[in-house]
There are 2 protein chains.
Amino acid sequence: MNDYICNIESINKEIVEEVRKKMLSSELTVQVSDIFKILGDSTRVKILYALFQEELCVCEISALLGMSQSAVSHQLRILRSSNLVKFRREGKAVYYSLADEHIIKLIEMGVEHAKE
Amino acid sequence: MNDYICNIESINKEIVEEVRKKMLSSELTVQVSDIFKILGDSTRVKILYALFQEELCVCEISALLGMSQSAVSHQLRILRSSNLVKFRREGKAVYYSLADEHIIKLIEMGVEHAKE
DNA sequence: TGAACATATGAACATCTATTCAGATGAATG
DNA sequence: CATTCATCTGAATAGATGTTCATATGTTCA
């Protein structure tokens, strides 16, 4: 980027500084946007919402969503590594469930926003 | 994808159907994930959070974030087209502000989640 | 009107992302 | 222990995304 600074009345430099003080830390902002990035894919939202209703194994999820088992598994990996889901093995099947229902509150709030 | 269906006890087909009934509509899910997609970039979260503090013009935002005017403008275009920000022209400058503070509630909830 | 300034935009580019495909892993079962 | 089944994983690929650069637009002011 260039270091261009516009000439709008000098007082606004103070405003910028005031706003800067109230900003979230850069790390926190990145963490927050990382969470939203995970919710920014409809497949993952569907998986989370399904697991909110019921514990499900991989093949049930792929049947529910009409997606390949592989695609679902890749997305589950992302959800696992962000600690949004947990899983247990039962024989050949692996059952997934929500690690924390808090994430559903976020989704529901997104739903509220979308409905407006 | 392949149409493979696993052989887990037949009763689970009923479970899948039960869950399917409780799922959000596909369009709504896409709309929701589209909102999260917008929040899934730290630059946009920073811009929204800054505008929550104060109405700002483009060059103030770019000074605040240490980003080029062009990059900020491109992001503002995305925020504009999702109706998250509004703007008014004042001479040469264009001042942006939040269209709806509701989006901040979402961000704050993301912050809560991130802090855990 | 022309120069200076603030912002917007299109093209180009590098990076990231989601899915598919092929094959590996790990558990049950005969 | 070989086979079958459910799941996982790595490589490949196509499409999306964010930034930069150059330039266009629109406003002010001399």
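Every value quoted in this text rests on a predicted model; they were computed, and no experiment measured them. Numbered from 1 within each chain, the chains take letters A, B, ... in sequence-line order.
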- Can you list, by residue number, the residues of residues 83-99 of chain B that have a non-hydrogen atom closer than 4.0 angstrom to DNA chain D? B:R89, B:G91, B:K92
- Given atom CG of B:L56 and atom P of C:dT7, what is their separation to the nearest angstrom? 11 Å
- Message: Applying the Watson-Crick and G-U wobble criteria at under 3.5 Å, what pairs with D:dA30? Answer none if nothing qualifies.
- Response: C:dT1
- Query: Applying salt bridge (Lys or Arg N to Asp or Glu O under 4.0 Å), which residue pairs with at least one partner in residues 63-78 of chain B are found, sequence neighbours left out?
  - Reply: none
- Close side-chain approach of A:I103 and A:L39, heavy atoms under 4.5 Å: yes
- Message: Check for me: is B:H74 stacked on C:dT9 by the 5.5 Å centroid and 30° plane-angle rule?
- Response: yes
- Which pairs with one or both residues in residues 70-89 of chain B pass ring-ring contact (aromatic ring centres under 6.0 Å, His included), sequence neighbours excluded? B:F87-B:Y96
- Item | Close side-chain approach of B:L64 to B:E60, heavy-atom, < 4.5 Å | no
Atom pairs and distances, donor-acceptor, side-chain atoms in residues 43-52 of chain A, under 3.5 Å, two or more places apart:
unit_1 : atom_1 : unit_2 : atom_2 : d
A:R44  : NE     : A:I38  : O      : 2.7
A:R44  : NH1    : A:Q75  : OE1    : 2.7
A:R44  : NH2    : A:K37  : O      : 3.3

- Query: Which residues, if any, of residues 42-55 of chain A bring a heavy atom under 4.0 Å of DNA chain C?
  - Reply: A:T43, A:R44
- Less than 4.5 Å apart, any side-chain heavy atom of A:V111 and any of A:K115? yes
Could you list the donor-acceptor pairs under 3.5 angstrom formed between side-chain atoms of residues 29-36 of chain A and any protein atom two or more places apart in sequence or on another chain?
unit_1 : atom_1 : unit_2 : atom_2 : d
A:T29  : OG1    : A:S25  : O      : 2.8
A:S33  : OG     : A:T29  : O      : 3.2
A:S33  : OG     : A:V30  : O      : 3.0

- Any donor-acceptor N/O pair under 3.5 Å between D:dT9 base and A:S70 side chain: yes
- Query: So, does the side chain of A:Q69 form a donor-acceptor pair with the base of D:dA6 at under 3.5 Å?
  - Reply: no
- Query: Rounded to the nearest Å, what distance is computed from the CZ atom of residue B:R77 to the P atom of nucleotide D:dT25?
  - Reply: 16 Å
